[in-house]
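Residue numbers begin at 1 in each chain, while the letters A, B, ... track the order of the sequences. Note that the structure is predicted; figures quoted are calculated from it, not measured.
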Amino acid sequence: MDDLSLHVLDIIENAVAAGATNIEVRITDDEEQNLFMIEIADDGRGMDKEALKKAIDPFYTTKTVRKVGLGLSMLAQAANEAGGKFEVQSQPGRGTKIHARFMHDHIDRKPLGDMAETITAFIAGNGEKVDLTYHHRRGDQEFFFYTAEIKQVLEEITICHPEVISFIKREIRDGVKSISKRSKI
Amino acid sequence: MKKLKIGDLAKIRDKVRKTAVLRQGKARAKITVHMGTCGIAAGARDILSGLLEDIKSKKLSDVIVTTSGCAGLCSREPMATVEITGKPPVKYVDLTTEKMKKILSQHVIKGNIVNEYALAIGSERTH
Ligand SMILES: Nc1ncnc2c1ncn2[C@@H]1O[C@H](COP(=O)(O)OP(=O)(O)OP(=O)(O)O)[C@@H](O)[C@H]1O
Ligand code: FES
Ligand SMILES: [Mg+2]
């Protein structure tokens, strides 16, 4: 994976496979604390202790079409290579929470990439069944995005419609850009 | 903090409402882009994004786009499956945005399978 936004898409696809209907993505970009963090929480079926232990082993998967599962172990590796830490918390029936921390200034920290593309790709495929919230903090500035808010305005029109997807992409691009400027003190 | 442009979204809703036949029952074609880990690593996100753009600019209201998980054929990702109502599904492999464009205009719109990009029947393997 070239950038972290692709990892995020992969991890939230796992949540859908686990039957999640609500997913929360949090990005923390804090240069002052030398911290870059991705947190993803879902309300899917979760994992028991044993499954959790195996989950970040690349040779473990509950998939039947292929014998290796790479998603989690690839993100774990990306975090470890960038002086960070990777953790998964999960409980059967209570969902799963993934934390990936990176040293912000580490030379091997992958760039975030395009979150607007990741969120819209996710919505185009899963937006009708799954609600997603996206929270992005950069320094002391924040951006929030909720699919539930979009759906409320759309009434019976699907959130997966290409016109809507295009709108959401612009919204997220603008939102992420709005927190990229240095705040005035 | 940036606020959602609700007015703009409501306008899109009203516009879509006038033209929408985009419901499962009425769709003439369905395109599924595979979003497994290898698919994503190989560029599936851009394939999907380009496809949606193309459908939007061509104003196709009877084509549904969706995603699925791993298709079990890592080395041939990115992949997409095209289903035209009443016809057997066709799997396309080793996609690029350009190939996807051609598949949309040749297969989805005109009904001619793009054989050179399609997975040869019988060559499918599950690992
Ligand atoms: N959010 C989640 N909720 C419940 N179980 C999960 C979740 N994420 C991962 N798992 C479990 O951990 C296993 C390993 O996940 P991982 O993403 O590494 O591989 P995979 O999804 O099986 O395959 P790949 O990602 O390579 O397509 C999964 O098969 C699944 O059983
Ligand atoms: S993601 Fe690799 S074969 Fe499905
Ligand atoms: Mg996975």
Side-chain donor-acceptor contact under 3.5 Å, [X] with [Y]:
| X | Y | value |
| --- | --- | --- |
| A:Asp29 | A:His104 | yes |
| A:Thr21 | A:Asp43 | yes |
| A:Arg138 | A:Ser180 | no |
| A:Glu128 | A:Thr158 | yes |
| A:Asp114 | A:Ser5 | no |

Subject >> Option in B:Thr66, B:Leu9, B:Leu52 with maximal non-hydrogen atom pairs under 4.5 Å from chain A >> reply: B:Leu9
Go through [options] and name the one with the most non-hydrogen pairs under 4.5 angstrom from chain B.
| options | answer |
| --- | --- |
| A:Ser166, A:Ala17, A:Gly127 | A:Ser166 |
| A:Glu13, A:Gln152, A:Glu117, A:Glu149 | A:Glu117 |
| A:Ile150, A:Val164, A:Ile168, A:Asp2 | A:Ile150 |
| A:Glu155, A:Lys169, A:Met74, A:Arg170 | A:Glu155 |

**OP:** Using non-hydrogen atoms and a 4.5 Å limit, figure out which bit of B:Leu4 sits close to chain A: side chain, backbone, both or neither.
**Re:**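 It is both, since atoms from each part get that close.
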Original post:
Is it the backbone or the side chain of B:Ile12 that comes under 4.5 Å from a heavy atom of chain A, or both, or neither?
Top reply: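 Looking at B:Ile12, just its side chain touches chain A.
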Subject >> Side chain / backbone / both / neither for A:Leu154 at chain B, heavy atoms under 4.5 Å >> reply: both
Original post:
Do the side chains of A:Met1 and A:Phe122 join up, straight or via other hydrophobic residues, at under 4.5 Å, putting them in one cluster?
Top reply: yes
